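All values reported here derive from a predicted model rather than from experimental measurement.
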Protein chains: 2
Amino acid sequence: MESNKNLGEFEMLVLAAILRQGGDAYGVSIKQDIEARADRSPSLGALYATLARLEKKQLVRSTMGEATKERGGRAKRLYTIEPLGQRLLEQSILALRNMTDGLVSWRFGV
Amino acid sequence: MESNKNLGEFEMLVLAAILRQGGDAYGVSIKQDIEARADRSPSLGALYATLARLEKKQLVRSTMGEATKERGGRAKRLYTIEPLGQRLLEQSILALRNMTDGLVSWRFGV
DNA sequence: TAATTTATACTACAATGTAGTACATATAGG
DNA sequence: CCTATATGTACTACATTGTAGTATAAATTA
């Protein structure tokens, strides 16, 4: 009887990217990871809106990155996944696997 | 440069259920499959609304089932997946896999 | 202090998720 | 027949998520 709110499809991609990057995830790097692995190009606007919602739901947490870097521009907001976020991601991915594993006439390997 | 519209999370579950059932899928059986494998209980209203949208987008096709059966009640509307639907499902599942495979501290097997 | 670079925030609207309620149509019994 | 029961779909309304365009912020450099 776990917490059982569902994640959207893009929310899953974003949570997975944050988890992958273990502490160094921020807007641009998350976008790049999704572009490289999921073969799609969300706008930064779309991404930040989703990040804000995930944080409001307490599935991720953010902190401002160090300002003193040898580069120009505004500070990064760094994201980490919260236990609840990881749990929901696992549930959602597992549900999808249970529905799709073992399907015949599947183009990529079962 | 394939067709690249994205599927929602629930749409993926529904398409997968239809594909699994190979020609015998209808409202109630799809709902039951999702309940059994994805551990959630969508209302039939939610399911039919999604089926109607999938058909409008030509990702599935439907036909009325035979009326002459030894049972009461209205005829079933049977669903099959269209090539486009299968392709989009494959793309979406593959994207998710590419994002989540190989993650460490993953509760279920990599 | 203006230009450039890097990055986030805001806003509005489209698409998807969700369930409640109503409706349709078959069989069975009197 | 007519109505009760069983089975299943359609309609409607609203909440949540997806999406991108535009504006803003804050650092470095000249």
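- Base contact: Gly73(A) has a heavy atom under 4.0 Å from a base atom.
- Considering only heavy atoms from C-beta on, Pro42(B) comes within 4.5 Å of Ile34(B) through its side chain.
- Arg77(B) has its CZ atom 19 Å from the P atom of dC23(C), to the nearest Å.
- Closest contact between the side chain of Ala49(A) and the listed nucleotides dA7(C), dT11(C), dG17(C) involves dT11(C).
- Side chains of Glu9(A) and Ser92(B): no donor on one and acceptor on the other come within 3.5 Å.
- In terms of phosphate contacts, Arg53(A) brings no side-chain nitrogen or oxygen within less than 4.0 Å of OP1 or OP2 of dG18(D).
- In this structure, the nucleotide among dT17(D), dG17(C), dA20(D) sitting nearest to the side chain of Lys5(A) is dT17(D).
- Looking at heavy-atom distances under 4.0 Å, Lys57(B) makes contact with sugar-phosphate atoms alone, never a base.
- Salt bridge Lys57(B)/Glu11(B): present, at least one basic N to carboxylate O contact under 4.0 Å.
- What separates NZ of Lys31(A) from C1' of dG18(D) is a distance of 15 Å, to the nearest Å.
- In this structure, Lys56(A) places its NZ atom 14 Å from P of dG18(D), rounding to the nearest Å.
- Under 4.0 angstrom from either OP1 or OP2 of dT18(C) there lies at least one side-chain N or O belonging to Asn6(A).
- Atom CE in Met64(B) sits about 9 Å away from atom P in dT25(C), given to the nearest Å.
- Interface remark: the Arg71(B) side chain does not form any donor-acceptor pair with the dG8(D) base, using a distance-only criterion of under 3.5 Å.
- When each of Arg40(A) and Gly27(B) is assigned the nucleotide of DNA chain D bearing its nearest heavy atom, the one mapping closer to the 5' terminus is Gly27(B).
- Distance CG/Leu89(A) to CG/Leu96(B): 8.0 Å, rounded to 0.5 Å.
- If you take CG of Leu7(A) and C1' of dT16(D), they are 12 Å apart, rounded to a whole angstrom.
- Gly45(B) comes within contact range of at least one nucleobase, with a heavy-atom separation under 4.0 Å.
- Between dG17(C), dT19(D), dT6(C), one nucleotide has an atom nearer to the side chain of Glu9(B) than all others, and that is dG17(C).
- One interatomic measurement links the two molecules: CZ of Phe10(B) to C1' of dA15(C), which rounds to 15 Å at whole-angstrom precision.
- The closest side-chain heavy-atom distance from Ile30(B) to Leu51(B) is below 4.5 Å.
- The distance between atom CG of Asp24(B) and atom P of dG8(D), rounded to the nearest whole Å, is 13 Å.
- Checking the phosphate oxygens (OP1, OP2) of dT27(C), no side-chain nitrogen or oxygen of Arg74(B) falls inside 4.0 Å.
- Among the nucleotides dA10(D), dG17(C), dG8(D), the one closest to any side-chain atom of Val28(B) is dG8(D).
- With rounding to whole Å, Tyr26(B) atom OH is found 16 Å from dA24(C) atom C1'.
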